[in-house]
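Structure first, commentary second.
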Amino acid sequence: MPVYIGDMVELCATLAKENDLKVTVKESLKGGAIAGIGATVGGLLGGPIGLAAGASLGGLIAAYTASGKFKPVHQVILEMPDNKKQLLYNQVMDIVYKLDFDDAAMLMALIRADDVIMGQMIYAIKSHVEGQLKMHLAD
């Protein structure tokens with residue numbers, strides 16, 4: 001019995017959850033606006049020195065508000081559009097096609113038992129998230 005796309009996507013989501021993979025939620029527009037407002041206010045109130053101080057303070061506030069905002073990769077995987085799920089399916093099937101399995105549960109057991117395949121699967125998930133979804137993984 002083949003492993004269907006939905007089953008493989010859930011398998012990848014489980015692996016991402018077990019490996020605690022997260023992506024950063026970018027708020028660059030919001031951060032840029034905060035820094036810009038800080039620079040403008042600083043420039044209006046303090047001239048060139050106020051401009052530098054306002055930009056610095058605005059940048060610090062922007063960095064603080066954006067820090068610590070992460071989204072779990074397993075959630076990202078489950079929320080992907082169907083065409084991205086198909087691409088992930090194709091990518092991971094290239095890794096596991098030689099394994100002898102009947103269903104997703106058996107495949108998961110085989111992946112967990114082999115560190116090399118597990119590493120390849122995690123790498124595939126990471127590269128899919130970064131390459132196809134244009135997201136940045138958190139360290």
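Given the structure is predicted, the values throughout are model-derived calculations rather than measurements. In what follows, residues are counted from 1 in the order of the sequence shown.
- In this structure, a donor-acceptor pair under 3.5 Å is absent between the side chains of Asp82 and Gln86.
- Atom CG in Leu133 sits 6.0 Å away from atom CE in Met80 (nearest 0.5 Å).
- Contact of the Met118 side chain with the Arg112 side chain is registered, since non-hydrogen atoms from C-beta on lie closer than 4.5 Å.
- Checking each of Val23, Leu21, Leu88 against Val129 for a side chain to side chain contact (heavy atoms under 4.5 Å, CB included) leaves exactly one that passes, namely Val23.
- Note that CG of Leu51 and CG of Leu45 are 11.5 Å apart. Values are rounded to the nearest 0.5 Å.
- Leu60 and Val41 are assigned to two separate hydrophobic clusters, defined by single-linkage of ILVMFWY side chains at heavy-atom distances under 4.5 Å.
- Here the straight-line distance linking atom CE of Met108 with atom SG of Cys12 works out to 8.5 Å at 0.5 Å rounding.
- The line from CD1 of Ile34 to CG of Leu57 is 10.5 Å long, rounded to the nearest 0.5 Å.
- In terms of heavy-atom proximity, Leu11 sits nearest to Ala104 at CD1-O, 3.7 Å.
- Atom CD1 of Ile125 and atom CD of Gln120 lie 12.0 Å apart (nearest 0.5 Å).
- Side-chain contact between Tyr89 and Val9 is absent, with no heavy atoms from C-beta onward closer than 4.5 Å.
- With contacts defined as side-chain heavy-atom distances shorter than 4.5 Å, the pair Glu79/Lys71 qualifies.
- A donor-acceptor pair under 3.5 Å links the side-chain atoms of Asn19 to the main chain of Leu15, judged by distance alone.
- Taking the side chain as every heavy atom from C-beta outward, His74 and Glu18 never approach each other to under 4.5 Å.
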Check against side chain to side chain contact (heavy atoms under 4.5 Å, CB included), Leu99 and Ile117: CA-CA 10 Å; Leu99 299 177; Ile117 293 175; 3.6 Å; yes

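- Atom-to-atom distance recorded for Lys134:NZ and His136:NE2 is 9.5 Å, nearest 0.5 angstrom.
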Between side-chain atoms of residues 91-98 and protein atoms elsewhere (two or more places apart, or another chain), which donor-acceptor pairs fall under 3.5 Å?
residue	atom	partner	partner atom	Å
Gln91	NE2	Ser127	OG	3.0

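- Annotation for Asp100: atom CG does not count as buried by contact number, only 12 or fewer foreign heavy atoms lying within 6.0 Å.
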message: Does Lys85 form a side chain to side chain contact (heavy atoms under 4.5 Å, CB included) with Leu87? I'd like the steps, not just the answer.
response: CA-CA 5 Å; Lys85 289 178 181 178; Leu87 290 172; over 6 Å; no

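- Between Ile77 and Lys84, every side-chain heavy-atom pair lies at or beyond the 4.5 Å cut-off.
- In this structure, Asp114 contributes its side chain and Val116 its backbone to a donor-acceptor pair below 3.5 Å.
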